[in-house]
Amino acid sequence: MNYLTITLSDRAQAFIATQIASGRYATADELLSDLIEQAQQRADAEFNGPDQLQIQSRSHLNELLTEGLESGDAIEVTDEWWADS
């Protein structure tokens, strides 16, 4: 386990104390670990995109490509199309 020393504002320290007093978290470590986990999940979601666009395997990718190809008439995607979308 690694240790990290951080400086918190009075407001942040009060928030942590309130969360612990409410019983939601037992320690500041627990609260900060939860907040970091939530931030990691948001970052992963932003980077990886929606679940329906996640590629699980090569066959899954082929299924998605086939679905796209069979989804309708082809259109030309131009800068104007992107601007209007």
Return a table of donor-acceptor pairs under 3.5 angstrom between the side chains of residues 76-85 and protein atoms on other chains or two or more places apart.
residue: Thr78; atom: OG1; partner: Glu80; partner atom: N; Å: 3.4
residue: Thr78; atom: OG1; partner: Glu80; partner atom: OE1; Å: 3.3
residue: Thr78; atom: OG1; partner: Trp81; partner atom: N; Å: 3.2
residue: Ser85; atom: OG; partner: Trp81; partner atom: O; Å: 2.8

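Counting non-hydrogen atoms of other residues, nucleotides and ligands closer than 6.0 Å to CD of Gln38 gives a total above 12.
Counting heavy atoms from C-beta outward, Arg11 and Phe15 have side chains that stay 4.5 Å or more apart.
Between Leu8 and Gln13 the shortest heavy-atom distance is O-NE2, 3.3 Å. Heavy-atom minimum distance, Ile20 versus Thr27: CD1-C, 3.7 Å. Here the closest heavy-atom approach between residue Arg24 and residue Glu30 is recorded as O-OE2, 3.9 Å.
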Would you sort out whether Leu32 and Tyr25 count as a side-chain contact (heavy atoms from CB on, under 4.5 Å), showing the intermediate values?
CA-CA 10 Å; Leu32 294 172; Tyr25 297 96; over 6 Å; no
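Taking CD of Glu63 as the reference point, atom OG of Ser57 lies at 7.0 Å (rounded to 0.5 Å).
With hydrophobic clusters built from ILVMFWY side chains whose heavy atoms lie under 4.5 angstrom apart, Ile6 shares a cluster with Ile16.
In this structure, the side chain of Ser71 engages the main chain of Gly68 through a donor-acceptor pair within 3.5 Å.
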